[in-house]
Amino acid sequence: MKRGLRRTAPGALSGVLAAYLSLCVAELVSAAVRPEAGPVVAVGGAAVDRTPAPLKDWAIRTFGENDKLVLVLGILAVLLLFALALGAVAARHRRTGAAGVLLFGALGALAATTRPDSTGLPDALPSLAGGLTGAALLYVLTSRLPGTGQGASAAGPAGTAGTGGWDRRAFIAAATAAAAVSTGAGALGRSLNGASGRDAAVSRARIALPAPGSPAAPVPPGARLRTPGLSPYITPNKDFYRVDTALVVPRVDIAGWRLRVHGEGVTRPLTLTYDDLLRRELIERHITLTCVSNEVGGPYTGNARWIGVRLSELLAECGVRPPSRGGPADQLVARSVDGMTIGSPVEDVMDGRDALLALGMNGEPLPFAHGFPVRMVVPGLYGYVSACKWIRELELTTFAAYDPYWVKRGWARRAPVKTQCRIDTPKPFARPRAGTVTIAGVAWAQRRGVERVEVRIDDGPWRPADLAAQDTRDTWRQWSLPWRATPGSHTLTVRATDGEGRVQTAERTRTVPDGASGRHSVVVTVD
Ligand SMILES: Nc1nc2c(c(=O)[nH]1)N[C@H]1C(S)=C(S)[C@@H](COP(=O)(O)O)O[C@H]1N2
Ligand SMILES: [Mo]
């Protein structure tokens with residue numbers, strides 16, 4: 001029993017060291033291939049793609065924008081367990097243990113080469129190199145575990161134990177050396193991967209966006225309220241929500257970047273460079289972007305000043321006609337450098353709304369996390385059916401012929417934004433003092449505009465809130481209401497009415513398949 005443990009423990013430790021070496025070597029080799037080809041990113045990406053819509057929704061709800069970090073930590077935890085187990089196995093059956101490490105390498109390679117953005121066989125290299133070196137290390141370390149009597153060779157690196165295995169000190173020395181070499185390889189890989197990202201950052205920093213030929217109308221003076229705790233009218237880039245499947249944010253170098261427009265009904269296919277886009281007339285618009293995964297009252301909506309080219313003009317130049325004018329394609333599928341596909345109705349992007357191929361956000365080139373160099377923004381459609389980031393291709397097709405990424409995972413093919421309203425302040429479970437408390441928030445109903453916002457205290461009557469001036473139909477609207485708060489617990493509920501006179505429904509639905517509905521309420525206790 002005790003003897004068994006004496007070989008299991010160093011075996012398990014050897015397993016962990018082998019896994020660590022594998023990951024570090026993979027990191028180093030991925031710097032020569034591409035950061036996305038590393039095993040953790042590839043396996044994580046594969047896991048994200050296989051996550052059913054309700055689970056993805058739960059993850060977003062529970063972990064918010066840390067969902068990716070949680071996923072990576074989960075993968076590492078699972079890997080640690082397998083490493084311990086494989087090491088324990090290797091203490092008795094060396095070949096089996098080493099083969100197990102190789103198998104993990106092969107799984108990583110399989111994941112990396114089958115990612116939608118995979119560049120083929122080179123993507124297998126990081127995992128294969130990691131698997132091979134890890135397996136070799138496990139084989140060597142477990143060949144002469146202290147006290148196992150395994151490993152017939154009498155010559156350990158620093159002397160041998162009487163049994164023919166390594167003595168404790170020699171094993172610890174070898175393990176330490178392995179850990180040090182791994183750490184060095186991993187750190188070098190990290191810094192090389194970081195360097196390629198820095199090149200892209202330098203090329204981005206050199207871009208000077210020209211002044212838009214068609215600037216956004218100035219924000220009307222009354223469109224901004226000054227209530228503390230209220231979301232600012234324009235969401236700063238650093239605070240803008242981020243929702244995507246990318247475990248590594250793509251850092252595209254514009255030098256090699258192209259946008260291809262092709263497909264059904266495209267009589268003049270186009271391939272554009274970044275400079276081609278810069279030379280076109282740029283338009284600037286305020287547009288509120290909303291995620292379909294936003295719960296009632298949730299944070300996944302933001303309002304920005306976008307600069308870009310008119311998508312409808314570009315499509316028309318390629319010979320595209322909307323279905324209402326006899327065009328054969330009713331779906332525009334945008335494809336990104338990371339393999340995402342997002343489908344929008346051709347009719348919508350060509351109906352005169354400000355559908356953009358956006359290059360800039362709030363006065364700077366798109367941040368990497370928000371789609372640099374180019375993304376789509378279409379007023380009135382949830383992001384997953386309109387706002388493809390890191391775009392590289394536009395394909396004209398039909399809804400009947402092709403289901404893009406999210407549709408394959410249970411979300412609706414078409415998803416216009418639902419009228420919603422959010423209380424920003426007071427926060428849930430706040431304890432304001434009795435007296436005048438300002439209730440404030442934002443309301444949005446892109447394409448229709450917001451006409452009215454009303455607040456109800458407990459079961460009282462609906463009271464009209466003060467609405468900030470409307471910028472455009474495609475932007476959210478701030479609102480506020482002074483409330484004479486009386487001591488006790490109160491439920492504040494809000495509802496918006498859109499520009500077509502339709503009151504936001506009270507009927508609660510989940511986010512899947514086409515966006516949450518229902519009214520936001522907040523419970524506070526007045527002292
Ligand atoms: N390439 C890519 N584009 C994408 C996504 C993605 O996962 N990958 N997510 C979409 C979704 S669901 C939304 S809501 C918006 C969010 O854009 P943001 O992160 O800039 O706020 O991007 C859209 N574009
Ligand atoms: Mo989204």
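The structure presented is a predicted model; accordingly, all values stated were derived computationally and were not measured. Numbering of ligands and ligand atoms starts at 1, following listing order.
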Any S231 side-chain heavy atom under 4.5 Å of R422 side chain: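 With C-beta onward as the side chain, the pair touches.
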Just say parallel, tilted or perpendicular for the rings of F240 and W306, cut-offs at 30° and 60°.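 If you compare the ring of F240 with that of W306, the planes turn out perpendicular.
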Angle between ring planes, W476 versus W444, binned at 30° and 60°: parallel, tilted or perpendicular?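 Tilted, since the angle between the ring planes falls between 30° and 60°.
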Side-chain donor-acceptor contacts of residues 356-374 below 3.5 Å, not counting sequence neighbours, with atom names and distances?
| from | atom 1 | to | atom 2 | distance (Å) |
| --- | --- | --- | --- | --- |
| N362 | OD1 | R305 | N | 2.8 |
| N362 | ND2 | T235 | O | 2.9 |
| N362 | ND2 | N237 | OD1 | 2.8 |
| E364 | OE1 | R204 | NH2 | 2.6 |
| E364 | OE2 | N237 | ND2 | 2.9 |

Just by distance, no angles: are the side chains of S118 and T113 close enough, under 3.5 Å, to form a donor-acceptor pair?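 Note: S118 and T113 side chains miss the donor-acceptor criterion.
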T273 and D276 side chains, donor-acceptor separation under 3.5 Å: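 The answer is yes; a qualifying pair exists.
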Quick one, list the residues around ligand 1 where some non-hydrogen atom comes in under 4.0 Å, by chain and residue number.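 Protein residues near ligand 1 are F240, Y241, R242, V243, D244, T245, L289, C291, S336, D338, M340, I342, H370, R375, G383, Y384, A387, C388, K389, W390.
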